[in-house]
**Q** 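Sharing a structure with you now.
Numbered from 1 within each chain, the chains take letters A, B, ... in sequence-line order. For the numbers below, each heavy atom of this structure counts, side chains included, while hydrogens, waters and symmetry mates do not.
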2 protein chains.
Amino acid sequence: MTGTKDRILAAGAELFRHGGYAGTGMKQIVEKAGAPFGSVYHFFPGGKEQLGEEVVRTSGMEYARLFEVFITPAPDLITGLETFFGAAVTTLLETDYVEGCPIATVALEVATTNEPLRKATADVFEAWTKAGTKGFSAFGLPEEHARTLTLALVTSLEGAFVLCRSMRTTEPMAVAGAAVVDVARRLLTELGDDGKRRPADG
Amino acid sequence: MTGTKDRILAAGAELFRHGGYAGTGMKQIVEKAGAPFGSVYHFFPGGKEQLGEEVVRTSGMEYARLFEVFITPAPDLITGLETFFGAAVTTLLETDYVEGCPIATVALEVATTNEPLRKATADVFEAWTKAGTKGFSAFGLPEEHARTLTLALVTSLEGAFVLCRSMRTTEPMAVAGAAVVDVARRLLTELGDDGKRRPADG
DNA sequence: GTCTATAATGTGATAGAC
DNA sequence: GTCTATCACATTATAGAC
């Protein structure tokens with residue numbers, strides 16, 4: 001049985017992701033969660049700001065798993081990247097371009113208007129960067145290069161979501177995936193590496 | 001003497017860019033524009049939605065000029081890209097991370113909630129793509145490759161703005177610029193080209 | 001065309017019964 | 001802890017004087 005707070009967080013995550021932070025009302029959230037209105041202030045005494053911060057942190061952290069799901073099991077780096085961006089294309093098509101990044105909309109909205117929320121989005125992006133850096137290191141990349149590749153992946157992915165959801169085409173996501181592959185090849189060439197996964201490296 | 005309508009559009013562009021579409025009020029806009037409240041419904045009888053659409057189209061189209069400013073005058077393709085992303089870094093630092101893309105925030109907010117506004121953002125992105133494709137063609141790239149490079153540039157730039165403004169560091173923008181350079185080098189290598197500007201090509 | 005007052009609705013938040 | 005009624009305020013939008 002999922003608790004009321006979890007249902008509110010899940011409803012908030014979906015609504016913020018779709019309509020943004022300012023564009024989503026508290027009543028909208030509790031209605032979707034099937035919870036009475038007062039509950040939200042019982043679980044989130046800090047009001048909308050606290051709810052927004054917890055939504056960003058929880059839903060954001062869940063997405064860090066995607067590195068382990070798509071990159072880590074891959075036989076080599078390039079295959080991992082192609083699988084990752086292929087999944088992004090599939091998500092866009094299957095959801096008719098409604099599902100993108102769980103926090104990018106909020107991140108842009110609050111970057112200069114709400115410092116606690118900005119910090120929450122920044123912490124999530126940094127967590128993703130750490131997770132990706134660890135995952136890419138297992139393919140033999142030194143930490144600095146693994147971090148660079150992760151930032152290239154996240155920036156390309158985020159930007160592609162903006163264009164794809166606006167233009168309603170997957171073309172930008174395909175280009176973004178190819179761009180990250182180019183970065184990976186450059187980094188591997190500099191090392192003279194083959195990009196195969198290391199059995200026990202970290 | 002700038003007209004009242006132009007001042008309203010300019011104020012709306014800045015406020016939407018900073019706080020988003022839903023997060024910006026009509027009163028906020030007319031106050032910043034120094035115009036009486038009723039004026040906005042005189043010039044924009046369609047209300048906030050019409051104002052938003054005109055702001056997106058006018059401010060978005062202005063930014064298409066950036067290709068001509070930074071890319072077209074460059075001696076070669078790589079130099080043009082480095083200048084372009086260098087200017088983005090400068091903008092972030094000089095504005096303390098408040099200035100980014102004029103329409104990305106709105107694009108993510110309205111992608112699934114307001115079809116006329118989504119279409120406006122899509123038209124702007126397509127106009128940018130056309131402008132970039134034309135600009136890169138002058139360096140000898142065939143149209144299809146020029147379009148790919150433009151999409152790589154815009155997606156990387158947009159995603160980097162998200163991360164940079166959230167994390168308050170220019171690191172993602174530097175990585176994004178290098179990634180686009182990697183794409184350009186791959187496209188040039190495929191052609192066996194030097195990337196020098198063509199005196200009279202288009 | 002300019003400007004003000006106000007309508008109608010929605011918002012985040014709170015009080016208090018149960 | 002759950003739930004409802006309601007507050008005070010902000011919002012978009014309109015009516016109408018000048």
**Q** According to a strict under-4.0 Å criterion, is B:Tyr41 in side-chain N/O contact with OP1 or OP2 of D:dA13?
**A**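 Affirmative; the distance criterion is met.
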**Q** Does B:Lys5 qualify as a cation-pi partner of B:Phe44, given the criterion of NZ or CZ under 6.0 Å from the six-membered ring centre and within 45 degrees of its axis?
**A**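 Yes - B:Lys5 lies over the ring of B:Phe44, closer than 6.0 Å to its centre and within 45° of its axis.
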**Q** B:Glu109 side chain to B:Ala22 main-chain N or O, any donor-acceptor pair under 3.5 Å?
**A**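 Flag set: sc B:Glu109 to bb B:Ala22 pair under 3.5 Å.
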**Q** Rounding to a whole Å, what distance do you find between A:Phe43:CZ and C:dT14:P?
**A**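 Going from A:Phe43 (CZ) to C:dT14 (P), I get 17 Å.
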**Q** Within the 4.5 Å heavy-atom criterion, are A:Phe139 and A:Arg198 side-chain neighbours or not?
**A**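 No; the side chains remain at least 4.5 Å from each other.
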**Q** Got a sec: does the CD of B:Glu143 have more than 12 other heavy atoms crowding it under 6.0 Å?
**A**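 Not buried by this count: 12 neighbours or fewer within 6.0 Å.
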**Q** Quickly work out the A:His42 NE2 to D:dT2 C1' distance and round it to whole Å.
**A**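 My rounded result for the distance is 9 Å.
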**Q** What is the ring orientation for B:Tyr21 with B:Phe16, classed by angle as parallel under 30°, tilted 30 to 60°, or perpendicular over 60°?
**A**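 Plane angle between 30° and 60°, so tilted.
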**Q** Short of 4.0 Å, heavy atom to strand atom, which residues of residues 44-56 of chain B count as contacting DNA chain C?
**A**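 When residues 44-56 of chain B is checked for heavy atoms under 4.0 Å from DNA chain C, there are no hits whatsoever.
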**Q** Under the criterion side-chain contact (heavy atoms from CB on, under 4.5 Å), which of A:Thr155, A:Leu153, A:Val154, A:Thr150 is the partner of A:Val180?
**A**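 Only one of A:Thr155, A:Leu153, A:Val154, A:Thr150 forms a side-chain contact (heavy atoms from CB on, under 4.5 Å) with A:Val180, namely A:Leu153.
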**Q** Taking DNA chain C as the partner, which of residues 23-39 of chain A come within under 4.0 angstrom of it by heavy atom?
**A**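 DNA chain C contact set from residues 23-39 of chain A: A:Thr24, A:Gly25, A:Met26, A:Lys27, A:Phe37.
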**Q** Is it true that A:Lys130 and A:Glu126 have a side-chain N and a carboxylate O under 4.0 angstrom from each other?
**A**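 Salt bridge flag = yes for A:Glu126 with A:Lys130.
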**Q** How many angstroms lie between atom OG1 of B:Thr83 and atom CD1 of B:Ile71, to the nearest 0.5 angstrom?
**A**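 If we round to the nearest 0.5 Å, B:Thr83:OG1 and B:Ile71:CD1 are 7.5 Å apart.
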